[in-house]
Amino acid sequence: MLVTEQVQTLLTRERTLLGDLQAFLTAQGAPAEATDAARQATRNLDESFLLVVVGEFNAGKSSFVNALLGENVLPEGVTPTTDRIYVLVHGELVDGKKSEPEATADPFVVRLRMPIAALEGVALVDTPGTNAIVRQHQSLTEGFLPRADLLLFLTSADRPFTESERQFLALAARWGRSVIMVVNKADLLETPQQREEVRSFVEAGARAELNLTPPVYLVSARGEQRGGLTGGDEGFRALRAALQARLGERERTRLKLSSPLGAAAEILGGEERRAAASRDTLKADLDTLSTLEAQRARHHETMAGELDGQLNRVGRLLSEFEVRADKFLDHALRLGNFRSLLNGRELEKQFREQAISDLPEAIERQFGTMIDRFVEANLHFWEDVQAFLIRRQPSQDIARTRFSYDRHALLEGIAGSASRHIAEVTEAQLTRQLAADTEEAMKGVVGLGAGGVGLGVIGAVLAGTLAADFTFIFSGLAIGSLGLLILPARRLKALRQLRVKVAELRESLEAIVRREYEREQGRADTRLQDAMSPFTRFIEGEQTRLAQAQDQATGLRERLQALKREVDALGNGA
């Protein structure tokens, strides 16, 4: 490598950029493979120039490499004979013996040292086929791609530019690799027209994937290996001349500096895509919070409507009682019933039977129905919250990132809160709690004592209280001291008191029910808010972080592009 002052400056800036990229990826919680790729890009600057041969297994890569080097260094065959990556480097023979494969830190990569002048300053890499039957082969090939400084992309004249080769070339384009297209087995093409058709086909396919037109060379590895009789393959001579130009000191330096920058561009692009996906997800998460708030508001609205209906039923019960009591008082407090008026106990009994009637049972059933409806509706609301949140999964672009893990944990926290609420707080428990609260609230209205009184007897006590409020009328009549003129006035007073009492009772019961409704809704709102608060804070924090990360990524991208322009200028003799 020409380590001029200019190159040394570019190399220093590139190392700094790649280090900043690693720090950026770590801070953003990027996937481990992204930070590993950035670290490898830095290491690539210190490695030998990597000339990597890729292609399908039946394209004849091993025979091509042997022909290119003029030595039978790799096994050849019609099946996938290369089960690992071979790195061929220059090295002298030891005691005149052929070098044995050397193990490397990667169990799928071996090094061979050969005393071949063409390998001086260059490491030539032979990879498994991109379409090999053993899937591990393709994984090895694709994993080695980001390290390549120059790709010799081999296809076969009998099956030029297959779908798997197209896909691999698209991957090479993503990593910004420099590519030379080679069509092997050109001896199968019998006419110049056939050769030109294949060349044009491969050139057009490569141009579509790389967005540029790489050079295309038609060669015959078999013809080159038989060159002792024929003078070698013409295509190989042209390819060697092109490689000598590419592997000259200045061009090799440019490619060596350019390759890590291409890798950095792809790595940074991946993080930018993940950040964009995260921003889209946060926007959807804000919509999620809005949806939950809308669900809560609809739940309140539904419950308020349900409450009005339940209170109307209570009101009807009291109205029916008022009609019966009105009718009883109007009938009982008449002069024609003077004899009956002397027996207050009998009148009270009749009042209970005819006016109060089944009011205790009806009130008890109504309060029980009301409580059941409150509990059922709230549990259904939490079930809806849980089901809704379970469906909120992250996109593939942000899978396995810190953002994904944190967000998933917080969503799980809300859904888990709903799940625990449903599992641990049963309907019976909520019913008992709400019933106890209602009982406590009603004590002041119906005059219950401090002892435990179940909801089932509240109606009866309420009815007894109503009877006690009106039987003073009857007991007063039983003394027999009323004059004939007082009785109509007493009846009118009783009717007025009845209406006032019923109105007060209706108002008190409605206040109790509404208070208990609001208390229960407040509990549900608090539980939901407590569960949502960490997620809300997470969204706010991530929005700030992503905005800052976007600025940092833009800065890295600008530095990368500026450095790439300066590196490219090396090839122009600048």
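- The two residues M181 and P214 have their closest heavy-atom pair at CG-CG, 3.6 Å.
- Residues L154 and V54 have side chains not in contact (no heavy-atom distance under 4.5 Å, counting atoms from C-beta outward).
- Here the side chains of T162 and T155 are not in contact, with every heavy-atom distance at 4.5 Å or above.
- Pairing each heavy atom of A173 with each of L210, the nearest pair is CB-CD2, 3.7 Å.
- Here the closest non-hydrogen pair linking A38 and I267 is N-CD1, 3.4 Å.
- Shortest non-hydrogen contact noted between D149 and S48 is OD2-O, 3.9 Å.
- Comment: R159 does not engage E165 in a salt bridge, judged by the lack of any side-chain N to carboxylate O separation of less than 4.0 angstrom.
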Test L45 against L257 for side-chain contact (heavy atoms from CB on, under 4.5 Å), laying out the working first. CA-CA 7 Å; L45 289 171; L257 291 173; 4.2 Å; yes

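- With values rounded to the nearest 0.5 angstrom, S178 atom OG is found 6.0 Å from R246 atom CZ.
- Remark: R537 does not engage E540 in a salt bridge, criterion side-chain N to carboxylate O under 4.0 Å.
- A heavy-atom distance below 4.5 Å is not found between the side chains of I180 and L151.
- The neighbour count for Q561 CD, taken as heavy atoms of other residues, nucleotides or ligands under 6.0 Å away, is above 12.
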Given salt bridge (charged side-chain N to carboxylate O under 4.0 Å, His left out), test E266 with R273 step by step and report yes or no. CA-CA 10 Å; E266 170 59 19; R273 288 190 293 273; 3.3 Å; yes

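- Taking OG1 of T281 as the start and CG of D287 as the end, the distance is 11.5 Å to the nearest 0.5 Å.
- Here the closest heavy-atom approach between residue V53 and residue T127 is recorded as O-OG1, 2.7 Å.
- L289 has its side chain within reach of T536: a pair of non-hydrogen atoms, C-beta onward, lies under 4.5 Å apart.
- With salt bridges taken as basic N to acidic carboxylate O contacts below 4.0 Å, none links D280 and K283.
- Using cut-offs of 30° and 60° for the angle between ring planes, the F168 and F153 rings count as tilted.
- Considering CZ of R207 and CG of L169, their distance stands at 12.5 Å, rounded to 0.5 Å.
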After noting the C-alpha distance and the side-chain angles of Q366 and Q310, does the key distance pass the side-chain hydrogen bond (donor to acceptor under 3.5 Å, both in side chains) rule? CA-CA 8 Å; Q366 191 56 45; Q310 297 289 349; 2.3 Å; yes

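- One finds the CD atom of Q40 at 11.0 Å from the CG atom of L18 (value rounded to the nearest 0.5 Å).
- Using a distance-only test at 3.5 Å, with no hydrogens or angles considered, a donor-acceptor pair links the side chain of T35 to the main chain of A32.
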Working for side-chain contact (heavy atoms from CB on, under 4.5 Å), residues R252 and V122: CA-CA 9 Å; R252 195 162 77 237; V122 175; 4.2 Å; yes

Test L268 against L25 for side-chain contact (heavy atoms from CB on, under 4.5 Å), laying out the working first. CA-CA 8 Å; L268 181 58; L25 294 172; 6.0 Å; no

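- The backbone N or O of P146 lies less than 3.5 Å from a partner atom in the side chain of R177, making a donor-acceptor pair.
- The environment of D46 atom CG is dense: over 12 non-hydrogen atoms of other residues, nucleotides or ligands sit within 6.0 angstrom.
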Would H300 and D525 count as a side-chain contact (heavy atoms from CB on, under 4.5 Å) if you check the C-alpha gap in whole Å, the side-chain angles of each, and the deciding distance to 0.1 Å? CA-CA 10 Å; H300 276 228; D525 289 347; 3.0 Å; yes

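- Within a 6.0 Å sphere centred on CD of E163, heavy atoms belonging to other residues, nucleotides or ligands number more than 12.
- At least one side-chain heavy atom of D308 sits less than 4.5 Å from a side-chain heavy atom of R514.
- A salt bridge is absent between R506 and E510; no separation between the charged side-chain nitrogens and carboxylate oxygens falls under 4.0 Å.
- A salt bridge does not link E542 to R279: none of the charged side-chain nitrogens sits closer than 4.0 Å to a carboxylate oxygen.
- Applying the side chain to side chain contact (heavy atoms under 4.5 Å, CB included) test between F49 and each of L124, T253, L247, N44 identifies L247 as the sole match.
- Taking a cutoff of 4.0 Å between a charged side-chain nitrogen and a carboxylate oxygen, D36 and R43 do not qualify as a salt bridge.
- A 4.5 Å side-chain heavy-atom check between R13 and E566 finds at least one atom pair inside the cut-off.
- Remark: L10 CG to R254 CZ distance equals 12.5 Å, nearest 0.5 Å.
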If you apply the rule salt bridge (charged side-chain N to carboxylate O under 4.0 Å, His left out), what do you find for E293 with R296, and how did you get there? CA-CA 5 Å; E293 177 58 29; R296 188 194 64 80; 2.4 Å; yes

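- Contact check on E272 versus R557 returns a salt bridge, with a Lys/Arg side-chain nitrogen under 4.0 Å from an Asp/Glu carboxylate oxygen.
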Given the rule in the side-chain hydrogen bond (donor to acceptor under 3.5 Å, both in side chains) test, do T213 and E203 qualify, once you have shown the distances and angles that lead to the verdict? CA-CA 7 Å; T213 303; E203 188 177 85; 5.7 Å; no

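- For the 3.5 Å distance criterion, the side chains of R545 and Q28 qualify, holding a donor opposite an acceptor.
- Considering CG of L286 and CD1 of I539, their distance stands at 5.0 Å, rounded to 0.5 Å.
- Across all their heavy atoms, P160 and F201 have their closest contact at O-CE2, 3.2 Å.
- Two residues are said to be in side-chain contact when any heavy atoms from C-beta on lie closer than 4.5 Å; I85 and V125 meet this criterion.
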